[in-house]
Amino acid sequence: MDAVRLQIEDFSQDAEVLALKASSKCMGGIATFIGCARDYSEGREVSEISFEAYERMALPELQKLRAEAIARFGLLDARIVHRLATVRAGDNIVFIATGAEHRAPALHACEWIIDELKSRVPIWKKEVTPAGDSWVTPHP
Amino acid sequence: MDAVRLQIEDFSQDAEVLALKASSKCMGGIATFIGCARDYSEGREVSEISFEAYERMALPELQKLRAEAIARFGLLDARIVHRLATVRAGDNIVFIATGAEHRAPALHACEWIIDELKSRVPIWKKEVTPAGDSWVTPHP
Amino acid sequence: MIKVLFFGPVSERIQTRELAMIHTAGMSLQDVINQLNEHYPQLFDIISFIAINGVQVRDRQTPLADNDEIAFMAKFSGG
Amino acid sequence: MIKVLFFGPVSERIQTRELAMIHTAGMSLQDVINQLNEHYPQLFDIISFIAINGVQVRDRQTPLADNDEIAFMAKFSGG
């Protein structure tokens with residue numbers, strides 16, 4: 001199971017954390033972040049969210065992001081999975097796991113990765129609402 | 001499955017996150033922290049770690065911590081599980097999960113809870129090393 | 001040929017995901033942009049990033065080789 | 001009786017996890033501390049927290065009722 005993946009299917013946190021841990025016996029702290037679909041977005045009811053990526057660019061960018069986080073925070077390992085699927089409220093969208101000897105770098109790296117992912121990785125989100133579809137335009 | 005538990009057995013992150021999500025369809029961000037046993041601590045090889053708690057005080061304090069985190073960070077839900085067992089390198093010790101509408105409060109609450117847990121909850125850790133056992137004294 | 005790709009909000013506005021353009025000697029990214037602007041004048045309002053062969057480029061004078069893949073992208077909204 | 005509990009590093013130093021003391025009228029936390037100090041003079045070097053019936057107390061003059069449970073605790077090291 002690759003440490004960085006774009007996939008349609010859902011992921012298991014247990015399986016991801018097991019794979020993360022396999023890289024070191026010195027891992028004292030593991031932080032994860034899971035982004036999920038909500039049933040409301042800026043006041044509008046959302047039935048589904050679908051994702052599209054420029055995979056040729058998105059996958060290498062995610063791999064670069066992982067390597068940068070490992071170097072920047074002195075992580076023992078990190079994993080990033082982003083789904084490219086149509087999801088409903090409560091479904092998983094993105095998973096990040098970071099492991100370090102101590103808790104602070106793991107927690108801070110996890111936040112850094114999700115922030116960077118949102119601004120650097122060519123993936124787009126479309127919200128399907130009872131009033132129609134619309135691509136999400138992030139705030140400047 | 002209670003949201004706050006002291007238990008001998010291991011936990012499943014998938015099961016915990018499922019239980020966390022069940023509380024709201026507005027949960028856009030879930031952060032988790034897992035503390036694990038390392039095979040080294042301050043240069044000494046560690047074979048096992050065992051935990052002891054003053055359960056009468058520890059469980060209410062963990063419940064209070066969860067309620068405080070929910071209020072302080074505007075969380076939709078939070079869960080805390082601490083094992084009271086003898087564990088080996090790689091084994092899980094503590095699990096925290098926080099869910100919020102957006103990612104920042106979930107991530108910040110997760111870090112706050114583990115920091116507070118370490119200073120406020122009456123649990124003690126003994127490291128078993130080839131040279132003998134010793135209770136861990138936290139740095140002041 | 002130059003392969004031109006559009007994603008998400010950009011493909012929605014242009015009503016296509018992919019175009020092919022004939023490569024000509026001395027052609028630059030600016031030439032592709034000019035051709036698109038002629039047919040889809042509002043398109044560039046929402047384009048924030050351009051990549052050639054999967055690598056982001058900022059210089060519109062970048063020369064293009066035959067078989068290059070150009071992607072026109074709106075602000076990202078993954079995660 | 002007053003139930004006195006010791007945990008982790010404290011129980012290790014005192015070589016017991018639990019003691020019972022006879023409750024006497026007007027007895028305070030300080031009386032329990034004095035009795036323990038007599039028998040285990042180094043014990044209080046590592047005690048950082050004291051709880052009565054599961055609630056942390058700082059005032060050593062706190063009066064004790066019969067059947068109270070007192071816990072003497074070193075710095076916590078969970079997580």
Side-chain angles (χ1 to χ4, degrees), chain A residues 4-7 33-38 41-42 46 49-65 80-85 87 92-96 110-128 132-140, chain C residues 1-21 23 28-30 32-33 35-37 39-60 62-79:
Chain A
V4 172
R5 304 192 311 278
L6 291 167
Q7 65 186 35
F33 175 77
I34 306 155
C36 312
R38 293 184 294 140
S41 172
E42 302 184 352
V46 175
I49 302 179
S50 67
F51 290 89
E52 183 176 304
Y54 179 23
E55 294 196 42
R56 179 189 182 164
M57 193 173 165
L59 196 62
E61 189 65 32
L62 285 171
Q63 286 160 339
K64 210 173 130 214
L65 199 51
I80 312 174
V81 182
H82 199 298
R83 292 180 71 192
L84 298 179
V87 299
N92 293 328
I93 295 167
V94 63
F95 176 81
I96 294 164
C110 205
E111 183 166 16
W112 184 81
I113 292 172
I114 184 62
D115 288 349
E116 290 288 307
L117 184 152
K118 285 180 176 267
S119 72
R120 284 168 50 173
V121 182
I123 300 177
W124 299 271
K125 177 190 298 182
K126 182 164 68 174
E127 293 178 344
V128 178
D133 298 3
S134 64
W135 288 97
V136 173
T137 313
H139 300 287
Chain C
M1 299 295 274
I2 302 287
K3 190 178 184 180
V4 186
L5 301 178
F6 310 98
F7 300 92
V10 182
S11 71
E12 186 180 61
R13 185 164 297 195
I14 202 170
Q15 290 295 306
T16 190
R17 303 181 150 269
E18 191 173 333
L19 288 177
M21 285 188 185
H23 178 260
S28 74
L29 177 58
Q30 188 65 58
V32 173
I33 293 170
Q35 286 190 50
L36 287 171
N37 252 333
H39 293 88
Y40 311 99
Q42 257 93 69
L43 183 64
F44 282 84
D45 298 355
I46 58 163
I47 288 173
S48 294
F49 307 101
I50 304 172
I52 299 178
N53 301 325
V55 177
Q56 201 187 325
V57 290
R58 289 193 175 78
D59 179 5
R60 293 181 169 207
T62 304
L64 298 179
D66 200 11
N67 299 315
D68 273 355
E69 179 178 287
I70 307 178
F72 289 100
M73 299 177 282
K75 271 206 183 122
F76 311 142
S77 56

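Naming convention: chains lettered A, B, ... in sequence-line order (proteins, then strands); numbering from 1 in each chain. As the structure is a prediction and not an experimental result, all values here were calculated from the model.
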Inset, instruction - Would you check if C/Ser77 and A/Trp135 make a side-chain contact, meaning some heavy-atom pair closer than 4.5 Å? - result: no
Inset, instruction - Decide yes or no for A/Tyr54 and C/Glu69: does some side-chain heavy atom of the first lie under 4.5 Å from some side-chain heavy atom of the second? - result: yes
Inset, instruction - For residues A/Glu52 and C/Gly8, report the shortest heavy-atom separation together with the two atoms involved. - result: OE2-N, 2.8 Å
Legend entry - Residue C/Leu5 versus chain A: region with a heavy atom under 4.5 Å: side chain
Legend entry - Interface moiety of C/Arg17 toward chain A, non-hydrogen atoms closer than 4.5 Å: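 It is the side chain, since no backbone atom gets that close.
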Is it the backbone or the side chain of [X] that comes under 4.5 Å from a heavy atom of chain C, or both, or neither?
X: A/Arg83; value: neither
X: A/Ala53; value: backbone
X: A/Ser119; value: backbone

Legend entry - Value rounded to 0.5 Å, distance of CE in A/Met57 from CE in C/Met73: 4.0 Å
Legend entry - Interatomic spacing from CZ in C/Phe76 to CD in A/Glu61 - rounded to 0.5 Å: 7.5 Å
Legend entry - Option that, when pairs with chain C are counted at under 4.5 Å, heavy atom only, ranks first among A/Asp133, A/Val136, A/Val121, A/Ile49: A/Val121
